[in-house]
Amino acid sequence: MERLGSQDLPTPAGAAELSAAPEGSRVTVHGAVQRIRRLSWGAFVVLRRHDGLVQCVLQADTDGGAMQRLQEESCVEMAGTIHRASMKDPSIMPRDTEIHVESVRILSEPASPPPVDLTKKILDLHIDTNLDLRPVSLRHPVERARLRIASALEADFRRYLSSRGFTSIRSPKICFAGAEGGANIFRVQYFDRTAFLAQSPQFYKQMAVAFYERVFETGPVFRAEPHQTSRHVNEYTSLDFEMGYISSFRDVMLMEAGLLRSMIETAGRECAYELELLGATLPSVPDSFPCVTLAEAHEIAGAASGRDYSGEPDLGPEEEKLVCEHSSREWGSEFVFVTHYPTSKRPFYTMDDPLTPGFTLSFDLLFRGLEITTGGQRIHDYDMQVAKMQSFGLDPAAFESYLAAHRTGLPPHGGLAIGLERLTARLLDVDNIRLTTMFPRDAKRLTP
RNA sequence: GGUCCGGUAGUUCAAUUUGGUUAGAGCACCGCCCUGUCACGGCGGAAGUUGCGGGUUCGAGUCCCGUCCGGACCGCCA
């Protein structure tokens, strides 16, 4: 019999620990060979590690000439001593420390050189080549840094809401029917029936409000729309929350303003290295966000462009940019809420505004020219929900399990969804959200 | 679904406008050199069915037709 416990599994030293280690102390590190600079006397070998790149120095005769056997993407373990040094290369972290190597153990070797040049400061690839070679291209420090930002944002989304009375839920992704109007839905074979991939956790969030009051979920959602743009993919990460006992849909917006402020400040703190590498500046998030109605947004965009958008039921991409520019310039906020979309443009569960007939208590959040959130107050009253379904031409009987929540009683509630890849892309000024997605799925791409 | 644009070495690009010798260059790769590099540097080498098929022509990467693949934008949405 053998017993296994986590005390037997050491955690690799981080960049900060290497930096803090005293000069001359012994250390063993492992990693992949990111690049080798051979000189006559030896070589600089940069190892890619979990949280940075460390420079290792080998003499020509170190460990029997081990440097001659090294190649890019070999996985190695190196033992040596800590020395202080000054690195000019921002991708190297720690930047004040290098390891003078005494012994090298090669753990694995690649079968062939990488198909793209991972040693350069930037990975200069067509997006299509980049995506085709994702298992390789994401090894580049700049490429992998983007997803680290996304990881930090998601982690703080969960942390922030958990600390404010929200419960984490996991709703099914294989569903009996679709939730959202508009968006097409993927069909999947489910034994002898047809099922659907979830477009949103919407129904389940609302049901869960009845038992947890406040819930959130981060996970994939699926949209079967054949769009072909830099801001759409067919599977993306939705950061969802739903909160009960709201006094107004503005409570949801207030929660989001604090949430985003925390997420962005936390990412800025935890990912300073990645942000420097990416040359990105995170926005200062104001205490409060400007908020305009759709009609006001049309006026702002119209004044800027000279066109007349009034009466349009939604904001077009051009308008989103114009409104964001206006908000940034006039109101000092790169975030701007747009409210009161028409009933016809919002899903059937959206609460209508009793004061503005034909319009809803719903909002989008625009950031740097892109819609990153949709949210609003939901209908909690059973009769009102059934009536609205009927006015949308939907059969309430088809939504029996959903309506059971309303029939049994729901508090006033509302919520929202943030597109994680979109938020990350705009924060980093990345043009295409495929680059903030590890393995994107779009109409043309099902691999890797 | 609509409108534009593109496809040349592993990769990023040039040569296409005006058809003309053996399709060039950077990086990666291979060899040699370089005592601290950091997008290291120097010298040399190898690397191509110009997406695919057909046509025009003495001659096609270049012009024409078809086809395949991809990109951008719009609609729609996060």
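The chains referred to below are lettered A, B, ... by the order of the sequence lines, with proteins before strands, and numbering in each begins at 1.
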Option among A/D364, A/D314, A/D352 that satisfies the salt bridge (Lys or Arg N to Asp or Glu O under 4.0 Å) test with A/R346: A/D364
Whole-angstrom distance between B/C34 and B/C43, as gauged at atom C1': 11 Å
Please work out if A/V46 contacts a base, only the sugar-phosphate, or nothing of the nucleic acid, heavy-atom cut-off 4.0 Å. nothing
When all nucleic acid strands are considered with a 4.0 Å heavy-atom cut-off, which category describes A/L118: base, sugar-phosphate, or nothing? nothing
With a 4.0 Å limit, can you tell me whether A/N432 has a side-chain N or O closer than that to the phosphate oxygens OP1/OP2 of B/G71? no
B/A14 and B/C33: how far apart are their P atoms, nearest whole angstrom? 37 Å
Tell me yes or no: between the side chains of A/T373 and A/E256, is some donor less than 3.5 Å from an acceptor? yes
Start at the 5' end of RNA chain B and walk down; is the nucleotide closest to A/L133 or to A/F44 reached first? A/L133
What is the distance, to the nearest angstrom, from the CG atom on A/L131 to the P atom on B/U11? 14 Å
With the side chain defined as heavy atoms from C-beta on, A/Q55 is closest, among B/C38, B/G75, B/G71, to B/C38
Examine distances only and state if a side-chain atom of A/R144 and a backbone atom of A/L138 form a donor-acceptor pair shorter than 3.5 Å. no
Looking only at heavy atoms, which two atoms of A/R35 and A/S91 are closest? And how far apart? NH2-OG, 3.3 Å
Criterion side-chain contact (heavy atoms from CB on, under 4.5 Å) against A/M78, the qualifying member of A/V27, A/V101, A/I106: A/V101
Distance below 4.0 Å between A/K345 side-chain N/O and B/C76 OP1 or OP2: yes
Between A/T436 and A/E421, a side-chain donor and acceptor under 3.5 Å: no
B/A78 phosphate, OP1 or OP2, under 4.0 Å from A/T373 side-chain N/O: no
Nearest-nucleotide pick for A/K444, side chain only, options being B/G75, B/G71, B/A39: B/G71
Passing candidate, side chain to side chain donor-acceptor pair (under 3.5 Å) with A/Q55, options A/H83, A/Q34, A/R95, A/E98: A/E98
Is A/R434 close enough to B/G70 that one of its side-chain N or O atoms is under 4.0 Å from OP1 or OP2 there? no
Where each residue is assigned the nucleotide of RNA chain B containing its nearest heavy atom, which of A/E235 and A/G316 is assigned the position nearer the 5′ end? A/G316
Base, sugar-phosphate alone, or nothing: which one does A/S238 contact when heavy atoms must sit under 4.0 Å apart? nothing
Just checking A/H83: base, sugar-phosphate only, or nothing, at a heavy-atom cut-off of under 4.0 Å? nothing
May I have the distance from A/L39 (atom CG) to B/U37 (atom P), rounded to whole angstrom? 8 Å
Whole-Å distance separating the CD1 atom of A/I36 from the C1' atom of B/G36: 17 Å
When rounded to whole Å, the CZ to C1' distance for the pair A/R134 and B/U11 reads 16 Å
Show the nearest heavy-atom pair for residues A/E143 and A/N130, with the distance to one decimal. OE1-ND2, 3.0 Å
Distance criterion of 3.5 Å, no angle test: do you see the side chain of A/R95 paired donor-to-acceptor with the base of B/C38? no
For A/S86, answer base if it contacts any base atom (sugar-phosphate contacts may also be present), sugar-phosphate if it contacts only those atoms, and nothing otherwise; contact means non-hydrogen atoms under 4.0 Å. base
Nearest-neighbour nucleotide for the A/W41 side chain, B/C38, B/G36, B/U12 considered: B/G36
side-chain N/O A/S230 vs B/C73 OP1/OP2, d < 4.0 Å: yes
Counting just side-chain N and O atoms, does A/H126 come under 4.0 Å of either OP1 or OP2 of B/C13? yes
Can you tell me which nucleotide in B/C74, B/A78, B/U12 comes closest to the side chain of A/Y236? B/A78
Applying a 4.0 Å non-hydrogen cut-off, can you work out what A/E98 is touching in the nucleic acid: base, sugar-phosphate, or nothing? base
Are the side chain of A/R38 and the backbone of A/A43 linked by a donor-acceptor contact shorter than 3.5 Å? no
Could you tell me how far B/G7 sits from B/U12 if I compare only their P atoms? Round to whole Å. 12 Å
Is there a donor and acceptor pair, one atom on the side chain of A/Q59 and one on the base of B/G36, closer than 3.5 Å? no
Taking only the side-chain heavy atoms of A/I433 (C-beta and beyond), determine which of B/A78, B/C38, B/A39 contains the nearest atom. B/A78
Intra- and inter-strand pairing of RNA chain B, written as dot-bracket with Watson-Crick and G-U pairs under 3.5 Å and | for the latter, reads (((((((..((((......[...)))).(((((.......))))).....(((((..]....))))))))))))....
Ignoring backbone atoms, establish whether A/T129 has a side-chain N or O less than 4.0 Å from OP1 or OP2 of B/U12. yes
Any base atoms under 4.0 Å from A/D364, or only sugar-phosphate, or nothing? Heavy atoms, all strands. nothing
